[in-house]
Enquirer: 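The following block contains the structure, expressed as structure tokens.
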Number of protein chains: 8
Amino acid sequence: MFESVRRGDVDVDAALERLAHLPFVDTPHARVDTHRALRQGLPEVVYGPGKTAEQIAEVVAAQRDADLDVLVTRVDPAAANAVLALRPDGEYEPQGRLLWFGRRDVPVAGKGTILVVSAGTSDAPVACEAAGVARRYGNAVEMLGDVGVAGIHRLLASSEQLRRARVLIVVAGMEGALPSVVGGMVDKPVIAVPTSVGYGASLGGVAALLGMLTSCASNVCVVNIDNGFGAAHVATLINRI
Amino acid sequence: MFESVRRGDVDVDAALERLAHLPFVDTPHARVDTHRALRQGLPEVVYGPGKTAEQIAEVVAAQRDADLDVLVTRVDPAAANAVLALRPDGEYEPQGRLLWFGRRDVPVAGKGTILVVSAGTSDAPVACEAAGVARRYGNAVEMLGDVGVAGIHRLLASSEQLRRARVLIVVAGMEGALPSVVGGMVDKPVIAVPTSVGYGASLGGVAALLGMLTSCASNVCVVNIDNGFGAAHVATLINRI
Amino acid sequence: MFESVRRGDVDVDAALERLAHLPFVDTPHARVDTHRALRQGLPEVVYGPGKTAEQIAEVVAAQRDADLDVLVTRVDPAAANAVLALRPDGEYEPQGRLLWFGRRDVPVAGKGTILVVSAGTSDAPVACEAAGVARRYGNAVEMLGDVGVAGIHRLLASSEQLRRARVLIVVAGMEGALPSVVGGMVDKPVIAVPTSVGYGASLGGVAALLGMLTSCASNVCVVNIDNGFGAAHVATLINRI
Amino acid sequence: MFESVRRGDVDVDAALERLAHLPFVDTPHARVDTHRALRQGLPEVVYGPGKTAEQIAEVVAAQRDADLDVLVTRVDPAAANAVLALRPDGEYEPQGRLLWFGRRDVPVAGKGTILVVSAGTSDAPVACEAAGVARRYGNAVEMLGDVGVAGIHRLLASSEQLRRARVLIVVAGMEGALPSVVGGMVDKPVIAVPTSVGYGASLGGVAALLGMLTSCASNVCVVNIDNGFGAAHVATLINRI
Amino acid sequence: MFESVRRGDVDVDAALERLAHLPFVDTPHARVDTHRALRQGLPEVVYGPGKTAEQIAEVVAAQRDADLDVLVTRVDPAAANAVLALRPDGEYEPQGRLLWFGRRDVPVAGKGTILVVSAGTSDAPVACEAAGVARRYGNAVEMLGDVGVAGIHRLLASSEQLRRARVLIVVAGMEGALPSVVGGMVDKPVIAVPTSVGYGASLGGVAALLGMLTSCASNVCVVNIDNGFGAAHVATLINRI
Amino acid sequence: MFESVRRGDVDVDAALERLAHLPFVDTPHARVDTHRALRQGLPEVVYGPGKTAEQIAEVVAAQRDADLDVLVTRVDPAAANAVLALRPDGEYEPQGRLLWFGRRDVPVAGKGTILVVSAGTSDAPVACEAAGVARRYGNAVEMLGDVGVAGIHRLLASSEQLRRARVLIVVAGMEGALPSVVGGMVDKPVIAVPTSVGYGASLGGVAALLGMLTSCASNVCVVNIDNGFGAAHVATLINRI
Amino acid sequence: MFESVRRGDVDVDAALERLAHLPFVDTPHARVDTHRALRQGLPEVVYGPGKTAEQIAEVVAAQRDADLDVLVTRVDPAAANAVLALRPDGEYEPQGRLLWFGRRDVPVAGKGTILVVSAGTSDAPVACEAAGVARRYGNAVEMLGDVGVAGIHRLLASSEQLRRARVLIVVAGMEGALPSVVGGMVDKPVIAVPTSVGYGASLGGVAALLGMLTSCASNVCVVNIDNGFGAAHVATLINRI
Amino acid sequence: MFESVRRGDVDVDAALERLAHLPFVDTPHARVDTHRALRQGLPEVVYGPGKTAEQIAEVVAAQRDADLDVLVTRVDPAAANAVLALRPDGEYEPQGRLLWFGRRDVPVAGKGTILVVSAGTSDAPVACEAAGVARRYGNAVEMLGDVGVAGIHRLLASSEQLRRARVLIVVAGMEGALPSVVGGMVDKPVIAVPTSVGYGASLGGVAALLGMLTSCASNVCVVNIDNGFGAAHVATLINRI
């Protein structure tokens, strides 16, 4: 742009105007996140809760018109049906509560495998969200479930699979101990996701969160409670490096 | 006593008077705990912090005069020296911060072995307090240290020792995950002791405490942060059943 | 297995394969907990909340096909009816919210009596869960209710019953003081269960939990808020020693 | 004053001026509390921590010059010596950490006895503060110590003394259960004082505080952690009614 | 009873049996609280939430059969209608959510007036619960509402009424500042009731609770959040002294 | 009034009576806030939640009869319809959940522009509440939305608009970082409003609240979570100075 | 700058370079805050804790060399002496713990008076910090101390002074109720500063902080605990508008 | 090993014995972490606090004898001097509080640059710990300090440097907003480190921690408060992929 100004192709006022609006001028009503996702070659992600089916359909339309893929997260079956009634071109994954509008097959851009490990059956929705997002973000994804630390043998039996992964997402509620054990078994980065599974002293996932933050395995980093999407985003970026 | 009243050996007023004072009439200045410990055939235990060397020596004297053993907990080396200067007949265990006045060898009254498992080297003081108290309470005690969950192989290598124990005390700070793993490996009661080891999100041991309370292993019960003494007491009672 | 390898009956690859899957090869969809329970000779326990009637019926079928007993916890009446519509061979205990599929009479394997003490009428569901689980786990169980510390005489009147028990489970909400008083009256291990009964400063059971953890009776250990099942599990293991 | 204005003895401006300064015009540098205490016929109370010996002596001088009694709270022995070096006319009670400047014998104005009950020896400083303040406030005071709930017999043996009291102050740390038990034994108001005695899950007295606030005895009300002075103040007012 | 034993009227076993059951033998299913209330000459109080209309009616029947009054607290209109359909002899006060079965006019046994002061209109239900309970407990009760500290003039205008009261109950949510101001205006005991009124940083009444506990007026004591009943109980006992 | 007394126009008793009731004598059932608002020349504001349509209509009627404007906050569409069915003279702004009864056009009394900046689309309701209240309070208001800190360019592009404002209200949930960034870009007071937007570690807005209180920009002050109304009130007072 | 580029005075690379460094190119080691302060015509403020005397002196030297004023906050007397030994040209205000290097008399730029109100004597350091900073920032400042809400008459007597102020800073610890009362008495913005004064349930100032955030006076906004400096900064900006 | 067994070189008992001890047989007194670090080709890291100079020197000797590098973290200058007096072959970095025993120049094994960004000067120790560890772990490291969000221009001026990095570690205390802003400017993984810098509502770093966990930038993951070492470990693993 400075070059254009110097050449006289663009005058100063116009340059200032463009400078102000550049990264978001074309889709004024969309979220800034879109642009960031775009720069990173990733589909747009919309957080579903608190939005009506109409609002979601509208955002999807804007993206699809621009030939962009859209992924809606945290969509329960009823909400999914409502959106699909408006836009039948979507694909719903009930386990991960994900609604996808876009290419049937996202080409794999990640260099290795992202392994999503989870502790108990109640952690499955968050694990499936992470896995589903990672797949739509162009990664090869494997899942390893039901390997809670109170039955350590099953986890150990999968140690080869753990070591093969390029990045690991470890999902656990209650005491949130699984990332520490997994972290000690691999020499790859482990992204820990606490879940709100539990009751009483689990304090809605805070116990698991604190446990993961104070993990004695130092290759563990943590995202927010139930944030399978965030874990998948970080894992994707690592997997693309 | 009712019998005595009926026989006329004791009149009603005296009976009421005795009823009121019975369990503590002889040592009016001592703690009720003494009496409870006595009833259970256990030595008296004195919590050291906040007491002067003189106060501790005085309590010890009262007990020793009655030919009872006394164990003082949470005594740092300086305090131990100060008490021992007043009463040289004590024995100090610096690792467990325990000061003992009594029989050299407490006869073993427990039926099996109490195994004290700990996660890291920083948890050793609490583990040693638990082990030291359990020994003075008349138990065969084994210790297994440095088996934190981030290096799970070492713990697994000791699975035979874990299974041999009649009761297990598991001590861990930071994320407090060790009791969950140990709990899954044995079919005995596990008494979990969170420690205040850690920083930041460990919140002075609260993270470990919450983790142990929400353990996915259901044979785990929990005592207060750093409470090695309490764990040893519960384990002793279980071991005597 | 090493022996088989040495004899040549099993080759190395097969050994590794079996080593990996051994403890859970036969029922691949079931929880690891099953195996642990099995090893301990206890029926499988399924945590009911968050599972559909179909999912529960499926787990039950798998267990019953293997001639194993199953206990489902935290089942409200509506959920119980839905499951029983699918599998009428169950038995529902509404007070303890327990659904049982298995032998009519579990043989008593515990060596003494487990006494379940509770403070107020609102604590009854948790006390009944603990008692029901303990019975299905093969224990002789007694209950003593409505003996909150604000009316201490009633508790004292039952002191003989307290002392007869081999293990005690003490259930209380609000200030959670009952385990301290009971702990001082017996020389047996006391497993304290805080309940979420209360409002305001009870903070959903946290007040009771903290009170029990800081009990001045040192023979008290604690499980999670409302965790009657966990208390029964620990008590069973103690009672079998 | 309105009368004076009407009579013309005082003009309007002067009335406004006096209205503004009336309750504190004579000792402009002193605390408002003084005046309140004065209105209630009670000696002035100064909170010691954070004040130098000089500052304390200065406040005392102002009060004594006006022939008023002063009580300084939370004074450790070193601080007491420093103040007494400046003003040797004081009387120090080390157990309650109270420093008194005033009449040797405060006439008893309370109608009955205030009984200060405490759980453990570590709670004694707060109990002594409450008792000392209550005495200086003109009450007959009795103390009953070392009656923690884990040794309930001793408390029961004193039930007559409990019932004789007109108001009860109950001091306890750790789980703070004593006020609930005492509350159930009497039909008088119980003022509960949580103490910061304890460690780990006692959270500096918060566990005891929450326990007292959620007491199942409904004749219990609560003051701040370690606030023996406040409890004595409330008890005094009740005892004077 | 000792006398009876001595005279031989009662043998030892029977004495022991009676000792065990005495304070609650006649109404085995009722709460211990009943007996306490009875001893204090107060009607029985039942906490309504979590009880069905049938359960409430049953408790009421047992009391009324023994010619005792019963007060049920925290009864919303729908629940009240359900109970009244079963027992039409009750009286419902919707503002205080109280359901009364008993004498139309409780004779006044309190010596002075209990004044219930409240801050905002949203605090009215708790204030009305306190006032309603206090009236049924036999007190003369006055109410002073809508005198929050942000409009201090109105409170000041009622200073005469404040000073006339024998005991004050002060109800406030949000910052809970009203008891401090009232406490400074009177020389009577102030029982502060924090309410759960507010949002965000009020943390369900915890902000008001902490504010009242740290009040700079030292004649203030505190009960649990929204506990109008407890405040009325304490106030009644003070008013009867 | 003193003058009247002096002249004899008003006798002393009447003066006392008037002194007591003066600021609120005319509308005895209304909130003290009304009077405060009146003194400041601002319309009355009623907090909607917890009030029935009838109660709201009644308050509105009282105000409108006195020819005063009324603004009801936190009114969801269903509640708004219910009130408007009773009083069709209102105006509903669904985005800010505001219901207005009064002049169509409030004259602008503020000296400059209040700019309401918000981070994400989910923060819009609180931002719209702030903007709507500020307009009804007689300010020129601008809004700048969707400028969360993770897309900093858009905020920078509006730096001119930021600098033009006389006062800024900055609304953000989740990590609540926006006020810090805006605060560093302007030399005007910034009123930060944390919102309850978020999940898990956002703890219902507490994360954003703490973040704003610890802002590294020292020209930031904070109001309660979701308190758009309070922010608008403070901003209005600043804008009128 | 765009103009310079267009004219060819500055080439594109240089423009980019300057664009990057412009706001801080001249004093590379200083804090960005400096520049912000500079833009607002305010002296630089350095937070003292954690800095050595040498580090403070160095920062001061850099500022004084550029002929700028510097204010160092939170400097205790010992630290002040250490700095003054290195740079005797400073002025120390012990009450507000402020160290000033600059003009003797800062010209008054604020349009009205900032009134700093504080509750108790222990709040004085924070009040003095606020007042001292406000003066150095060029404001006319008045102070009103010792007007805690438990002695409301004194505050009322100063209502004229309260109403005269253009902005009010209200400092209080413990229950933090003073800003609510003051807020109700004035129609100006009130900046509330919670202090860490108190013990037990004051939780290091959190009780006061929560109380101020939930104030029933809606013209109150809040800064961090003990943040007298921040309050003065906001007040200064308001006073300059 | 299975192969050896099959060949008969190793008998079954010996195989079991070796299986048990394999990963740690050679250095029985060292931490399991060592082995993990070894497997990952990283130097051993020892957490300094709570260890005496002698203990540290002993661990260092064991490692150096095995020709391994050792890094000791959180070593203040006094402790460093004490260790260096025992082992003068170490190198101390006071800013990062790191003590290094090993090769002068660690060969760079990371594929790109790790950029350590920090907000304020007080965050420097944690940033220097992260940078120092990352360098010793064989990474090219750059640092960018003093770019707090309240002066956003300086951060923007370094956007090129931000985008060049392969992994970013972002260190911030107080409101912890910097990772959100940086996360929005890059398409690489961001590891956020909250610091305990701040006072009052920063709650020892909890405010920053919560802020980072709820970041609106979804490429951010978090480690424990002040955990510069953990961030460097994760970043190293990412940089080696």
Enquirer: Within this structure, what is the SG-CG distance for the pair C216(E) and L178(G), rounded to the nearest 0.5 Å?
Expert: 8.5 Å

Enquirer: Would you compute the distance between atom CD of E175(G) and atom OG of S180(E) and round it to the nearest 0.5 angstrom?
Expert: 3.5 Å

Enquirer: Could you grab the distance from atom CD1 of I152(E) to atom CD1 of I152(G), nearest 0.5 Å is fine?
Expert: 4.0 Å

Enquirer: Please tell me if the side chains of L203(G) and L210(E) come closer than 4.5 Å, counting only heavy atoms from C-beta onward.
Expert: yes

Enquirer: Does atom CD of Q161(G) have more than 12 heavy-atom neighbours, drawn from other residues, nucleotides or ligands, at distances under 6.0 Å?
Expert: yes

Enquirer: Which atom names give the shortest non-hydrogen contact between T214(E) and A207(G), and what distance separates them?
Expert: OG1-CB, 4.2 Å

Enquirer: For L156(E), is it the side chain, the backbone, both, or neither that has a heavy atom closer than 4.5 Å to a heavy atom of chain G?
Expert: side chain

